[in-house]
Amino acid sequence: MSDSEEECPERQLKFVVLGDGTSGKTSLATRFAQEAFGKQYKQTIGLDFFLKRITLPGNVNVTLQVWDIGGQTIGGKMLDKYVYGAQICFIKFQCCALQQKLHLNYKNIAVEINLIPRMLAVLLVYDITNQQSFENVEDWYNVVKKVNEESETQPHVALVGNKIDLEHLRTVKVDKHLRFCQENHSSSHFVSAKTGDSVFLCFQKIAADLLDVKLNKAEIELSQHVVRAELVKYPEEDNQQQSTASCQSKVCSVQ
Ligand SMILES: Nc1nc2c(ncn2[C@@H]2O[C@H](COP(=O)(O)OP(=O)(O)OP(=O)(O)O)[C@@H](O)[C@H]2O)c(=O)[nH]1
């Protein structure tokens with residue numbers, strides 16, 4: 001590590017990913033952090049943690065800590081701590097690294113938590129083919145509001161409609177999504193963890209907003225991956241109607 005890097009520690013942002021079970025939170029985090037996707041559903045128990053370093057325009061290096069919270073945690077005791085207290089855990093983690101570096105061996109180091117500015121983003125994820133997962137976003141958001149009501153700085157809130165590769169199965173109207181964003185001053189994102197469509201862009205835009213970095217059109221276009229479209233197969237019956245429908249779906253499936 002160079003001297004200049006040592007003097008200026010890299011910025012760290014915390015991204016908490018919330019939403020109903022099977023909305024695709026783990027898939028989203030895995031797609032972003034590891035550029036991978038698994039078709040098999042494996043329920044997240046408690047939380048998973050991912051780290052990814054990105055560079056924003058102006059050579060701003062930033063590390064994103066992605067906290068993937070299990071969909072079953074709503075109503076549980078730990079959720080508040082994940083949304084708010086997670087910052088404390090991270091500071092302890094930083095201390096451990098420092099201890100190792102300095103060959104120190106203290107069990108506990110007291111840290112003034114307020115010294116580190118809170119850079120928190122909350123991603124409210126729902127599945128565009130699952131109306132209930134959209135309705136429940138309200139419950140997840142209520143937890144975020146309650147936990148942060150006394151906080152001086154409010155998190156960046158992002159509404160993320162996932163599974164846009166399944167556009168032909170969409171049940172949540174875009175209007176409703178946009179209304180939520182308007183009413184709650186949240187940013188709006190549509191992504192597919194499966195194809196990777198707009199996933200990096202979503203994280204990049206939020207990080208840029210938190211750090212007040214402007215993204216121009218060219219940079220946004222650069223972040224949009226070219227996505228391979230899948231052809232949607234319809235059942236054999238009603239051939240006449242199907243030939244028109246499958247034609248349309250080919251167009252619809254291209255993101
Ligand atoms: N077609 C499609 N399937 C997806 C997408 N994202 C996730 N899935 C699938 O949806 C299922 C649930 O995905 P997960 O990422 O495990 O969902 P989760 O929100 O983390 O679920 P919990 O761990 O229960 O909170 C898996 O079978 C994924 O393969 C997507 O963008 N498109």
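By convention here, the first residue in the shown sequence is residue 1. All ligand and atom numbering here is 1-based and tracks the order in the structure.
At least one heavy atom of Ser23 sits closer than 4.0 Å to an atom of ligand 1.
Ligand 1 has a nitrogen or oxygen under 3.5 angstrom from a nitrogen or oxygen of Lys194. Looking at ligand 1, you won't find any N or O of Leu28 less than 3.5 Å from one of its N or O atoms. In terms of polar-atom proximity, defined here as any N/O pair under 3.5 Å, Thr26 does make such a contact with ligand 1.
Counting only heavy atoms of the protein, atom 21 (O) of ligand 1 lies nearest to Thr22 N, 2.9 Å. Given atom 16 (O) of ligand 1, the protein heavy atom at minimum distance is Tyr41 CD1, 3.3 Å. Atom 6 (N) of ligand 1 has its closest protein heavy atom at Asn162 ND2, 3.2 Å. Nearest protein neighbour of atom 27 (O) of ligand 1, counting heavy atoms only, is Lys39 O, 2.9 Å. Atom 17 (O) of ligand 1 has as its closest protein heavy atom Gly24 N, 3.2 Å. With respect to atom 8 (N) of ligand 1, the closest heavy atom belonging to the protein is Lys163 CE, 3.7 Å. For atom 23 (O) of ligand 1, the closest heavy atom belonging to the protein is Thr44 N, 2.7 Å.
Considering only non-hydrogen atoms, atom 14 (P) of ligand 1 lies nearest to Ser27 out of Gly70, Ser27, Ser192. When Ile128, Thr195, Asp165 are checked for heavy-atom proximity to atom 2 (C) of ligand 1, Asp165 turns out nearest. Relative to atom 31 (O) of ligand 1, the option among Ala193, Gly38, Ala29 with the closest non-hydrogen atom is Ala193.
Side-chain contact between Lys42 and Thr26 is absent, with no heavy-atom pair separated by less than 4.5 Å. For the pair Leu18 and Val83, the minimum side-chain heavy-atom distance is below 4.5 Å. Put simply, the side chain of Asp127 does not reach to within 4.5 Å of the side chain of Asn162, judged on heavy atoms.
Separation of atoms CD (Glu135) and CG (Asp20) is listed at 10.5 Å; rounding is to 0.5 Å. Note: Ser186 OG to Leu159 CG = 5.5 Å, rounded to the nearest 0.5 Å. To the nearest 0.5 Å, atoms OG1 (Thr63) and CG (Leu13) are separated by 8.5 Å.
Screening Asn148, Ile206, Leu124 against Val157 for a side chain to side chain contact (heavy atoms under 4.5 Å, CB included) leaves a single residue, Leu124.
With a heavy-atom cut-off of 4.0 Å, Lys25 touches ligand 1 through backbone and side chain alike. Contacts between Asp20 and ligand 1 below 4.0 angstrom, taking non-hydrogen atoms only, involve the backbone exclusively. With a 4.0 Å heavy-atom cut-off, ligand 1 is reached by no atom of Val191.
Aromatic pair Phe15/Trp67: centroids not less than 6.0 angstrom apart.
Of the possible donor and acceptor atoms, none in the side chain of Arg170 sits under 3.5 Å from a partner among the backbone N and O of Ile164. Between the Lys25 side chain and the Gly19 main chain, a donor and an acceptor come within less than 3.5 Å of each other.
The distance from ligand 1 to the heavy atoms of Gly21 drops below 4.0 Å at these ligand atoms: 21 (O), 22 (P), 24 (O), 25 (O). Atoms of ligand 1 lying under 4.0 Å from any heavy atom of Gln43, numbered from 1 in the order shown and given with element: 23 (O), 24 (O).
Relative ring orientation between Phe134 and Phe180 is described as perpendicular, the plane-to-plane angle rising above 60° on a 0-90° scale split at 30° and 60°.
At a cut-off of 3.5 Å, with distance as the only test, no side-chain donor of Ser198 or His189 sits close to an acceptor on the other residue.
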